[in-house]
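In what follows, every heavy atom counts, from backbone to side chain, and hydrogens, waters and symmetry copies are set aside. Each chain gets a letter, A, B and so on, in the order its sequence line appears, and its residues count up from 1.
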Amino acid sequence: MARSSNRRPLGRAFFDRPTTRVAKELLGAVVTVRAPGGARSVQLVEVEAYVANDPANHAYRGPTRRNRSMFGPPGTLYVYRIHQVVCANLVTRPGEAVLLRAGRPLVPADANPSGPGRLCRVLGLTVADDGERVGRHGRISVTKPRGTTPTEPVIRGPRIGISRAVTRPLRFSLAGDRWVSRPRRRAT
DNA sequence: GAAAAGATTACCT
DNA sequence: GGTAATCTTTTCC
């Protein structure tokens, strides 16, 4: 594991790039949320890109009350509620974002962040965090191991749980990682 | 204004 | 394998 001194915080310059590229490079990044009870953090292993002209994108029809955070500056957090859980995204460019789908537990080490709802629960993210900007000094920060450590092979495939643009290959995950979520199929 | 669907998950048989 | 929980947005009358 990379030590914290060995990581670089991701800021606006990182997120202000094409969404699919940001999504792919977020794999292996560490999301940390500071909370009164102590910090929580996970290492991302699965994400999905939601882009322009994408019918599955919440921002497809322009700004609304729910999705207004998606039109904030690069690095804005977009958190929304679905059924009984919340899902978190990192905004790249206006109307585009990366859904955080699954991660490897770091703190606490015995958590289960496999799945967008579980990941948010582990991190303690709620709709109150919607619109926050990630950064070194904020409540939420995203860091990436520095150096040339090559990541595992990245798998690219269709997104999960949507009913429109179902075949677009905008889901990225680390090959063979045990924490990658499964689309409702039996666990081998 | 009312009804249905949704970027999900836990618990049922 | 299937359905309920629960609430916001979308869609239809």
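One atom, CD of A:Q84, and another, C1' of C:dA5, lie 4 Å apart when rounded to the nearest Å. Computed from coordinates, the A:H83 NE2 to B:dA10 C1' distance equals 13 Å when rounded to whole Å. Remark: P of B:dA7 and CG of A:L77 are 18 Å apart, rounded to the nearest angstrom. Straight-line distance from the OH atom of A:Y80 to the C1' atom of B:dG6: 8 Å, rounded to whole Å. Atom CG of A:N57 and atom C1' of B:dA7 are 10 Å apart (whole Å). What separates OH of A:Y60 from P of B:dG6 is a distance of 15 Å, to the nearest Å. In this structure, CG of A:L99 is placed 10 Å from P of B:dA7, rounded to the nearest angstrom.
Not a single ring-ring contact (aromatic ring centres under 6.0 Å, His included) links A:F14 to another residue, sequence neighbours left out. Applying the side chain to side chain contact (heavy atoms under 4.5 Å, CB included) rule to A:P169 yields the partners A:R156; only residues at least two apart in sequence or on another chain are considered. Checked against side-chain hydrogen bond (donor to acceptor under 3.5 Å, both in side chains), A:R61 has no partners two or more places apart in sequence or in another chain. In this structure, the side-chain hydrogen bond (donor to acceptor under 3.5 Å, both in side chains) partners of A:T64, at least two apart in sequence or on a different chain, are A:N67.
For residues 86-97 of chain A, proximity to DNA chain B is found at A:C87, A:N89, defined as any non-hydrogen atom under 4.0 angstrom from a strand atom. Residues from residues 107-125 of chain A lying near DNA chain B, meaning a heavy-atom separation below 4.0 Å, are A:G115, A:P116, A:G117, A:R118, A:R121 in numerical order.
On the P atoms, C:dG1 is 23 Å away from B:dA7, given to the nearest whole Å. Rounded to whole Å, the separation between the P atoms of C:dT6 and B:dA2 comes to 22 Å. C:dA4 and B:dA4 have their C1' atoms separated by 16 Å, with the value rounded to a whole Å.
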Compile the donor-acceptor pairs under 3.5 Å between side chains in residues 68-84 of chain A and protein atoms, sequence neighbours left out, one pair per line.
| unit_1 | atom_1 | unit_2 | atom_2 | d |
| --- | --- | --- | --- | --- |
| A:R68 | NE | A:R65 | O | 3.4 |
| A:S69 | OG | A:D130 | OD1 | 2.9 |
| A:S69 | OG | A:D130 | OD2 | 3.1 |
| A:S69 | OG | A:G131 | N | 3.4 |
| A:T76 | OG1 | A:P73 | O | 2.6 |
| A:Y78 | OH | A:H58 | ND1 | 2.8 |
| A:R81 | NE | A:H83 | O | 3.1 |

Which atom pairs, donor and acceptor, lie under 3.5 Å between side-chain atoms of residues 90-99 of chain A and protein residues at least two apart or in another chain?
| unit_1 | atom_1 | unit_2 | atom_2 | d |
| --- | --- | --- | --- | --- |
| A:T92 | OG1 | A:T19 | OG1 | 2.6 |
| A:T92 | OG1 | A:E96 | O | 3.4 |
| A:R93 | NE | A:D16 | OD1 | 3.1 |
| A:R93 | NH2 | A:D16 | O | 3.2 |
| A:E96 | OE1 | A:T19 | OG1 | 2.4 |
| A:E96 | OE2 | A:A52 | N | 2.9 |

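A donor-acceptor pair under 3.5 Å is formed between the side chain of A:Q43 and the backbone N or O of A:G28.
Not one side-chain nitrogen or oxygen of A:S163 sits closer than 4.0 Å to the OP1 or OP2 atom of B:dA5.
Hydrophobic clustering (side-chain heavy atoms under 4.5 Å, transitive across Ile, Leu, Val, Met, Phe, Trp, Tyr) keeps A:L170 apart from A:L44. Note: the hydrophobic cluster containing A:Y60 does not contain A:V166 (ILVMFWY, side chain heavy atoms under 4.5 Å, direct or indirect links).
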Nucleotides 8-13 of chain C: protein proximity per nucleotide (B base, S sugar-phosphate only, - neither; heavy atom, under 4.0 Å): -S-S--

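Listed by first and then second residue, the side-chain hydrogen bond (donor to acceptor under 3.5 Å, both in side chains) pairs involving residues 106-116 of chain A amount to none (not counting sequence neighbours). Among pairs with a residue in residues 27-54 of chain A, those fulfilling salt bridge (Lys or Arg N to Asp or Glu O under 4.0 Å) read A:E46-A:R101, A:E46-A:R171, A:E48-A:R101, A:D54-A:R159, at least two apart in sequence or across chains.
With pairs defined as Watson-Crick or G-U wobble and both atom distances under 3.5 Å, the stems of at least three pairs that touch DNA chain C come out as B:1-6 with C:7-12, B:8-12 with C:1-5.
The residues A:D177 and A:R104 are annotated as not salt-bridged, no charged nitrogen and carboxylate oxygen being separated by less than 4.0 angstrom. A salt bridge is defined here as a Lys NZ or Arg NE, NH1 or NH2 lying under 4.0 Å from an Asp or Glu carboxylate O, and A:E25 with A:K144 fails to meet this definition.
Nearest heavy atom pair, residue A:V42 against residue A:L106, reads C-CD1, 4.0 Å.
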